[in-house]
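Okay, so here's the structure we're looking at.
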Protein chains: 2
Amino acid sequence: MTNWQGIEEAFRAKGLRVTPQRSLVFRIVQKMGAEHPSAEAVHLWATRHMPTLSLRTVYAILDELEGLNTIRSIDLGTGSKRFCVNPHLHHHLVCDRCGKIKDVFVDVPPVEVPPEQRRGFSVRQQEVVFRGQCAYCRS
Amino acid sequence: MTNWQGIEEAFRAKGLRVTPQRSLVFRIVQKMGAEHPSAEAVHLWATRHMPTLSLRTVYAILDELEGLNTIRSIDLGTGSKRFCVNPHLHHHLVCDRCGKIKDVFVDVPPVEVPPEQRRGFSVRQQEVVFRGQCAYCRS
DNA sequence: CCTCTAGCCAACAACAATTGTTGATGAAAT
DNA sequence: ATTTCATCAACAATTGTTGTTGGCTAGAGG
Ligand SMILES: [Mn+2]
Ligand SMILES: [Mn+2]
Ligand SMILES: [Zn+2]
Ligand SMILES: [Zn+2]
């Protein structure tokens, strides 16, 4: 569900109204998707179009969108939750210095964790985090 | 450097004195290594032997140990920095619910990120995060 | 058109993990 | 003996986030 039509449906299906705020936050987060914005970053941009939009509401709507499975929140140790809009399986590249995040679409063969290492854990997903420095931070 | 002899040297080489607090924190973090304790967790245990040891000092000493490369701090989105004592290359298994962390020693073939996806990033390391649920949280 | 309510707002408070600060005290190094 | 470092208690401050409250408004349902 990455198109606005679908989201409208999904909102209503959950008994949530389709408001200008929800619409705006959705569109902003889609547009910014590639940079994996934080809630603050979404708010910063959103307020250019709707100056009264509160940060609190942005947090709330991002939570809702996550509940609808239209976005996913990730925490890669950059100091804040970041939002990921790409529904396909992928991995991430993180800048050690500024926290920039980029999607990485590479095939990583699934790794089987041997039972003696699992220690009772059930493994649901496996993600790869690539760490390094972005072009900007390297100069 | 995982033995106390080496650490004593390393401390002194940096102009840091070898104190009972530094010794204790080091020994605790080594002993707890497998659970990847947070600073709070280290403090909780340490105060059993030295009740006056302040949390502030634990934070400071953990920072120093990280500076000496005897431990590594990792943030896997569990809400706090966790400390890893195993110097060998390895990966991590994280419980979605309680945040428990386990080491995973499996060979993961290095993945080459194609330049058009790197977008100017330099990739320094690649780590795999396995997410799931621990035995306890699953019951 | 009227009513009811969800959603939003501002304006806070609270939170948790972490870092900063300060002045006093004690121990180690010189 | 003197200087310096380390630690302590006791706070304050910071950051990202969530909770709360009372008032206002727009829209869904009648
Ligand atoms: Mn992503
Ligand atoms: Mn580890
Ligand atoms: Zn950067
Ligand atoms: Zn668990």
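Because the structure is a prediction, the values reported are computed rather than measured. In what follows, chains carry the letters A, B, and so on, assigned in the order in which the sequence lines appear, proteins first and then strands, with residues in each chain numbered from 1.
- Side-chain nitrogen and oxygen atoms of A:T52 include none within less than 4.0 Å of the OP1 or OP2 phosphate oxygen of C:dA10.
- An OP1 or OP2 oxygen of D:dC8 is reached within less than 4.0 angstrom by a side-chain nitrogen or oxygen of B:S54.
- For the pair B:L55 CG and C:dG20 P, the interatomic distance rounds to 14 Å; values are reported in whole Å.
- The CG atom of B:L53 sits 9 Å away from the P atom of D:dT7 (whole-angstrom rounding).
- You'll find that the side chain of B:T19 is closest to D:dT7, out of D:dT17, C:dC8, D:dT7.
- Using a 4.0 Å heavy-atom cutoff across all strands shown, A:R22 reaches sugar-phosphate atoms only and no base atom.
- Remark: P of C:dA17 and CG of B:D75 are 12 Å apart, rounded to the nearest angstrom.
- A salt bridge between B:R124 and A:D96 is present, with a side-chain N of the basic residue lying under 4.0 Å from a carboxylate O of the acidic one.
- Interface remark: the B:R17 side chain does not form any donor-acceptor pair with the D:dT7 base, using a distance-only criterion of under 3.5 Å.
- A donor-acceptor pair under 3.5 Å is formed between the side chain of B:S54 and the backbone N or O of B:T57.
- In this structure, the CD1 atom of A:I61 is 10 Å from the P atom of C:dG7, given to the nearest Å.
- One interatomic measurement links the two molecules: CG of A:L16 to C1' of C:dT5, which rounds to 14 Å at whole-angstrom precision.
- Between A:K81 and D:dT18, a side-chain N or O to OP1/OP2 separation shorter than 4.0 Å is present.
- Between B:K14 atom NZ and D:dA6 atom P the separation is 13 Å, expressed in whole Å.
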Candidate pair A:E127 and B:R131, rule salt bridge (Lys or Arg N to Asp or Glu O under 4.0 Å), full reasoning = CA-CA 8 Å; A:E127 63 184 289; B:R131 296 187 186 277; 2.7 Å; yes
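- Nearest to the side chain of B:R56, among C:dT21, C:dC8, D:dG16, sits C:dT21.
- Remark: A:R22 is positioned above the aromatic ring of A:F11, its terminal NZ or CZ atom under 6.0 angstrom from the ring centre and at most 45 degrees off the axis.
- A:Q21 has its CD atom 14 Å from the C1' atom of C:dA10, to the nearest Å.
- Phosphate proximity of D:dT17 to A:Y59: present, with a side-chain N or O under 4.0 Å from OP1 or OP2.
- The aromatic rings of B:H90 and B:H36 sit tilted, their planes meeting at an angle between 30° and 60°.
- Checking C:dT18, C:dG7, D:dC8 against the side-chain heavy atoms of B:T57 singles out D:dC8 as nearest.
- C:dA28 atom C1' lies 16 Å from atom CZ of B:F11, rounded to whole Å.
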